[in-house]
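Starting from 1, each residue takes its place in the sequence as its number.
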Amino acid sequence: MSEIKIPVLDLKPQYEQIKDEVQGAINRVLESGQFIMGPDVKLFEQEVAKYVGVKHAIAVNSGTDALVIGLRALGIGEGDEVITTPFSFFATAESISNLGAKPVFADIDSKSFNIDPKEIKAKITPRTKAIMPVHLYGQPAAMGQIMELAQEYGLKVIEDCAQSFGARYWGTCSSCQGHCQETTLESLRGKFTGAIADVGAYSFFPSKNLGAYGDGGMVVTNDDQVAEIARMLRVHGAKKKYHNEVLGYNSRLDTLQAAILRVKLPYLAQWNEGRRQVAKTYNELLADVAGIITPELADGHVFHQYTIRVLDGKRDKVQQYLGEQGIGSMIYYPVPQDQLPVYQGQYPKMPVSDLLGTEVLSLPIWPEMASENMAVVVNVVSGVLE
Ligand SMILES: *Cc1c(COP(=O)(O)O)cnc(C)c1O
């Protein structure tokens, strides 16, 4: 293994930009002595709610907890079915299974990598209670059609926004083919992911677009009752301290992380724009390379990952060559959720998701990435495929 020349993600330039502010915020919390549910937590919740345009934001310990608490606040439990994408990080399906509910997978759209609304419809049964789309790689899922289906069948919708903080839905999702423009699109146009459905769940894992320096997550909703339940579940199921009403969790966001995230939030739009520029440059540099498919520069996409498809079984070879040149790359995700050992044998194969699992390759991306570095990456990729 050669020395890393271009990592898959470099958080150092961002830290350089905000170092003084972050250290000021950390010192302020250390001096306040309020490490659990200090004032920064509430302020951060208010700032996120305002930013994404929702009534309530409830800070929790991780993106995974945001999904679990969000699902429970929507009343999902034992025996319920939740339709979701096979093509995501396991926290998505795990949150459903951990509640005794059943993840039902619907295959994805090969252009957007996101759940295909046509496939969702075919999976609805009398036990279906909710749909959990994931805005994978930072690209909004086909929310127009998903909200339409939910309305038609009386289902809840919870958005997994772990990779999409700051992404906005403009109705240009490739699987919509304009259909959703007929009905729900107008009311959704321009909304932030997370603010569209009944519940949105964010992750502040350090590598996410809005990343903490540790774990963190957020549940957002416009529903007063859902918010009240989520707040209660976060602190051991108690509305009033020591008067626990239901089994809950210890899932608070640290005050330190809230203070750091408050410093970062005002920069997010700039950073997301930086990611879009990187994606645009990659697309230009890769335009003439045969044997790959580059991602669409869809409106509102915030490129948590820049993911290409490498065709003809050459993906692993490309990744190996990149590694040999000291260039980081990742496969998100080599095994779709439905085919993981934990669910072995329980689910039928999904042709699109299974195929993309063998083709996807995420190239280095971060907001400040220099175009010279992109050129180096592209040269190696094109060199292998020549
Ligand atoms: C990161 C991630 C999660 C989990 O977030 P954590 O904060 O790590 O718990 C859930 N879903 C998706 C799609 C993710 O990428």
Side-chain angles (χ1 to χ4, degrees), residues 7 9-52 54 56-70 73 89 91 95 160-166 192 194 200-221 227 230-239 241-242 248-272 274 302 304 366-368:
L9 167 67
D10 187 357
L11 290 172
K12 287 194 285 299
Q14 184 192 90
Y15 181 58
E16 282 305 317
Q17 185 186 7
I18 58 173
K19 198 172 182 168
D20 293 344
E21 282 182 86
V22 166
Q23 290 180 349
I26 291 174
N27 286 339
R28 187 164 45 70
V29 174
L30 295 185
E31 274 155 31
S32 80
Q34 291 186 276
F35 302 112
I36 301 292
M37 298 303 264
D40 282 285
V41 175
K42 191 161 215 146
L43 289 167
F44 181 54
E45 289 177 341
Q46 287 166 358
E47 286 158 9
V48 166
K50 189 164 172 230
Y51 193 97
V52 300
V54 291
H56 306 281
I58 301 102
V60 296
N61 190 264
S62 69
T64 306
D65 280 9
L67 291 170
V68 169
I69 289 173
F89 177 58
S95 65
D160 180 340
C161 305
Q163 303 188 5
S164 73
F165 206 118
F192 280 101
Y202 301 104
S203 164
F204 305 122
F205 186 83
S207 65
K208 305 290 161 104
N209 288 32
L210 181 62
Y213 295 144
D215 275 310
M218 187 80 82
V219 177
V220 299
T221 183
R231 282 188 200 288
M232 177 165 84
L233 290 173
R234 153 174 85 174
V235 284
H236 305 283
K239 273 185 213 143
K241 210 170 187 181
Y242 308 127
Y249 310 92
N250 173 357
S251 185
R252 297 164 301 224
L253 178 68
D254 285 356
T255 311
L256 272 172
Q257 300 303 340
I260 291 162
L261 288 162
R262 288 188 65 210
V263 169
K264 288 191 170 197
L265 185 61
Y267 293 96
L268 183 69
Q270 174 197 327
W271 292 334
N272 281 343
V302 291
H304 173 62
W366 60 93
E368 307 82 2

So, taking the atom named CG in Leu268 and the one named CG in Leu261, what distance separates them when rounded to the nearest 0.5 Å? 10.5 Å
Does a donor on one side chain sit under 3.5 Å from an acceptor on the other, for Gln163 and Tyr202? no
Shortest non-hydrogen separation from Met37 to Thr255 and the atoms involved: N-OG1, 3.5 Å
d(Leu11 CG, Glu16 CD) to nearest 0.5 Å is 12.0 Å
Residues two or more places apart in sequence or in another chain: which of them pass side-chain contact (heavy atoms from CB on, under 4.5 Å) with Tyr15? Lys19, Val22, Gln23, Tyr213
Here the pair of heavy atoms bringing Cys161 nearest to Gly200 is SG-CA, 4.5 Å
Determine whether the aromatic ring centres of residues Phe89 and Phe205 are separated by less than 6.0 angstrom. no
Taking all non-hydrogen atoms of both residues into account, name the closest pair between Val263 and Ala25 and its distance. CG2-CB, 3.8 Å
Find out whether Gln17 and Tyr267 are in side-chain contact, i.e. whether some heavy atom of one side chain is under 4.5 Å from a heavy atom of the other. yes
Does the side chain of Trp271 come within less than 4.5 Å of Val302's, by heavy atoms? no
Is it the case that Ser251 and Asn61 place a side-chain donor and acceptor less than 3.5 Å from each other? no
Nearest heavy atoms of Leu256 and Ile26, plus distance in Å: CD2-CG2, 3.8 Å
Mind jotting down which residue pairs meet the side chain to side chain donor-acceptor pair (under 3.5 Å) criterion with at least one end in residues 33-42? Sequence neighbours excluded, please. Arg28-Asp40, Asp40-Arg262
Quick one, Leu30 and Phe35 - any side-chain contact, counting heavy atoms below 4.5 Å? yes
Ala59 versus Glu45, closest heavy-atom pair with distance: N-OE2, 2.8 Å
Is any side-chain heavy atom of Arg252 closer than 4.5 Å to one of Asp254? no
Atom pair NZ (Lys264) and CD (Glu21), whose distance is rounded to the nearest 0.5 Å: 11.5 Å
Determine the minimum heavy-atom distance between Phe165 and Tyr51, stating which atoms define it. CE2-CD2, 4.1 Å
For residues 214-221, which side-chain donor-acceptor pairs fall under 3.5 Å, sequence neighbours excluded?
unit_1 : atom_1 : unit_2 : atom_2 : d
Thr221 : OG1    : Asp198 : O      : 2.8
Thr221 : OG1    : Asp223 : N      : 3.0

Kindly compute the distance separating CD (Gln14) from CD (Gln270), expressed to the nearest 0.5 Å. 9.5 Å
Between the CD1 atom in Ile260 and the CG atom in Leu265, the distance rounded to the nearest 0.5 Å is 14.0 Å
Does a side-chain heavy-atom distance below 4.5 Å link Trp366 with Pro7? yes
Nearest 0.5 Å please: distance from the CG atom of Asn209 over to the NE2 atom of His304. 6.0 Å
